[in-house]
Every structure is written in C-alpha cells, then in structure tokens.
Participant: 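Take a look at this one; I'll ask things after.
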Amino acid sequence: MDASTKKIIIFDDDEDILSICSYILEEQGWEVHTFTDCNNIVEKVSSLNPSVILMDNWIPDAGGIIATQTLKKSEDLKHIPVIYFSANSDIQLLAEHAGAETYLAKPFDLEDLEQIINTVLVK
C-alpha cells in the first residue's frame, strides 16, 4: 500500500450501507474503514488519518452531531472533511449544526456518493 492510497472512514450502524459503500469505494481505489459506533471517535480517526469521513446521523452512542462536533474541536482532526448522511428531512440543518462540510440525503444513489466525496476532496 503506497502513501497515495485514499482512506475513508464510514460511521454507520447499518451493515447494508457499510457493505455497499465499501464495495463501491474500494472499486475506486479507496481504503475503506467502517465503524458501527462513534465511541472513542478521536482515537479511531487519529489512528487512521483519513482523507474524508462519512457520518451517519443516528450512529450509536453519542450520535452523529456530537461525534462530528468532537472531531471539529480537535486541532489535529478538524481539517478532515465530514460528509453527514441521514434519511432525516432536516439533514441540511443537522449537518450545519454538526459542523460537517456537506451532507448526503439517504437514500442516495452511488453517483451522488462519488460526486460528494470528490467535491470535498477538491476543497
């Protein structure tokens, strides 16, 4: 594995979403790491140092908003773009409240997923 490998972390407690997203992203050359909870989130993210994070709103235990805010308070991690994703109709407000860079409404199609990741990587 070389240094140019792009790493992504997906926080979601839905195994189906994790497996679909992992499959698609691995096909595109991503190294995908998944977690079904956001406990010890600073340690998890620090140890992997990903290029981008996908954060589910309903992630156990603290939830996506607190998890994202925790990352954004960390000097070492706040630069990592967070894509907030949820089926909640207020997703834009939730993402803003969390401090995420952008959001992706569920259900999403895979082109949307690719596009939104590319958008945050360019920034």
Side-chain angles (χ1 to χ4, degrees):
M1 187 178 68
D2 59 62
S4 67
T5 304
K6 303 174 295 184
K7 275 192 235 175
I8 188 163
I9 300 180
I10 307 173
F11 288 97
D12 200 316
D13 58 347
D14 182 328
E15 297 284 354
D16 292 338
I17 286 181
L18 291 179
S19 59
I20 293 165
C21 291
S22 297
Y23 176 77
I24 297 300
L25 293 167
E26 281 167 3
E27 290 279 291
Q28 295 179 356
W30 285 88
E31 179 188 317
V32 182
H33 298 266
T34 61
F35 295 104
T36 53
D37 66 63
C38 62
N39 305 333
N40 305 318
I41 190 161
V42 169
E43 291 82 353
K44 284 173 177 164
V45 174
S46 297
S47 67
L48 293 165
N49 195 23
S51 309
V52 64
I53 295 168
L54 281 169
M55 179 69 69
D56 177 44
N57 186 51
W58 302 112
I59 187 86
D61 286 326
I65 287 180
I66 289 173
T68 304
Q69 288 172 341
T70 303
L71 293 175
K72 294 303 179 187
K73 283 180 194 149
S74 163
E75 279 303 313
D76 297 334
L77 305 175
K78 66 182 184 185
H79 66 283
I80 302 169
V82 175
I83 299 169
Y84 207 76
F85 69 155
S86 171
N88 193 303
S89 58
D90 293 334
I91 181 162
Q92 186 173 356
L93 290 170
L94 293 171
E96 285 171 13
H97 185 55
E101 272 64 26
T102 188
Y103 62 90
L104 182 58
K106 291 180 186 174
F108 51 85
D109 66 42
L110 299 168
E111 279 150 31
D112 293 340
L113 178 66
E114 291 167 33
Q115 262 180 327
I116 204 110
I117 290 172
N118 291 331
T119 314
V120 294
L121 288 178
V122 173
K123 284 180 185 168

Participant: Tell me, which pairs form a salt bridge (charged side-chain N to carboxylate O under 4.0 Å, His left out) where one or both residues lie in residues 54-65, sequence neighbours left out?
Facilitator: D56-K106

Participant: Distance-only, no hydrogens or angles: does the K72 side chain make a donor-acceptor pair with backbone N or O of I80 under 3.5 Å?
Facilitator: yes

Participant: Check step by step if side chain to side chain contact (heavy atoms under 4.5 Å, CB included) holds for I65 and L94.
Facilitator: CA-CA 7 Å; I65 287 180; L94 293 171; 3.7 Å; yes

Participant: How long is the span from the CG atom in N57 to the NE2 atom in H97, to the nearest 0.5 Å?
Facilitator: 10.5 Å

Participant: Kindly indicate, with the supporting measurements, whether the criterion side chain to side chain contact (heavy atoms under 4.5 Å, CB included) is fulfilled by F85 and L113.
Facilitator: CA-CA 10 Å; F85 69 155; L113 178 66; 5.7 Å; no

Participant: Going by the angle between their ring planes, with limits at 30° and 60°, are F35 and F11 parallel, tilted or perpendicular?
Facilitator: parallel

Participant: Under the side chain to side chain contact (heavy atoms under 4.5 Å, CB included) rule, what do I116 and F108 come out as? Steps first, then yes or no, please.
Facilitator: CA-CA 11 Å; I116 204 110; F108 51 85; over 6 Å; no

Participant: Write down the atom of K7, the atom of L48, and the distance for their closest heavy-atom approach.
Facilitator: NZ-O, 2.8 Å

Participant: With no hydrogens and no angle check, is any side-chain donor or acceptor of D90 less than 3.5 Å from a backbone partner on L93?
Facilitator: no

Participant: For P50, does its backbone N or O pair with a side-chain atom of E31 as donor and acceptor, under 3.5 Å?
Facilitator: no

Participant: Nearest heavy-atom pair of C21 and I10: which atoms, and what distance?
Facilitator: CB-CD1, 3.5 Å

Participant: Around E43, counting heavy atoms of other residues, nucleotides and ligands shown, do more than 12 lie under 6.0 Å from its CD?
Facilitator: yes

Participant: Distance check, rounded to the nearest 0.5 Å: L104 atom CG versus L54 atom CG?
Facilitator: 7.5 Å

Participant: Applying a strict under-4.5 Å side-chain criterion to I, L, V, M, F, W and Y, I'd like to know whether L71 and V120 cluster together.
Facilitator: no

Participant: Test side chain to side chain contact (heavy atoms under 4.5 Å, CB included) on Y103 and S86 and set out the steps.
Facilitator: CA-CA 8 Å; Y103 62 90; S86 171; over 6 Å; no

Participant: Determine the minimum heavy-atom distance between P81 and S51, stating which atoms define it.
Facilitator: CD-O, 3.2 Å

Participant: Would Y84 and V42 show up in the same hydrophobic cluster when neighbours are defined by side-chain heavy atoms closer than 4.5 Å?
Facilitator: yes

Participant: Indicate yes or no: at least one non-hydrogen side-chain atom of L77 is less than 4.5 angstrom from one of S46.
Facilitator: yes

Participant: Hey, what do you get for OG1 (T36) to CD1 (I17), rounding to the nearest 0.5 Å?
Facilitator: 13.0 Å

Participant: What distance do Q28 atom CD and K6 atom NZ have between them, rounded to the nearest 0.5 Å?
Facilitator: 6.5 Å

Participant: Between M55 and A67, what is the shortest heavy-atom contact and its length?
Facilitator: CE-CB, 3.7 Å

Participant: Quick one: pull up CD1 in I41 and OG1 in T70 and give me the separation to the nearest 0.5 Å.
Facilitator: 6.5 Å

Participant: For a side-chain contact (heavy atoms from CB on, under 4.5 Å) with I8, tell me which candidate from L121, I53, I83, V52 qualifies.
Facilitator: V52

Participant: Using every non-hydrogen atom in the two residues, find where L18 and S22 come nearest and quote the distance to one decimal.
Facilitator: O-OG, 2.6 Å

Participant: Of the non-hydrogen atoms in I59 and C38, which two are nearest, and what is the gap between them?
Facilitator: CG1-N, 3.7 Å

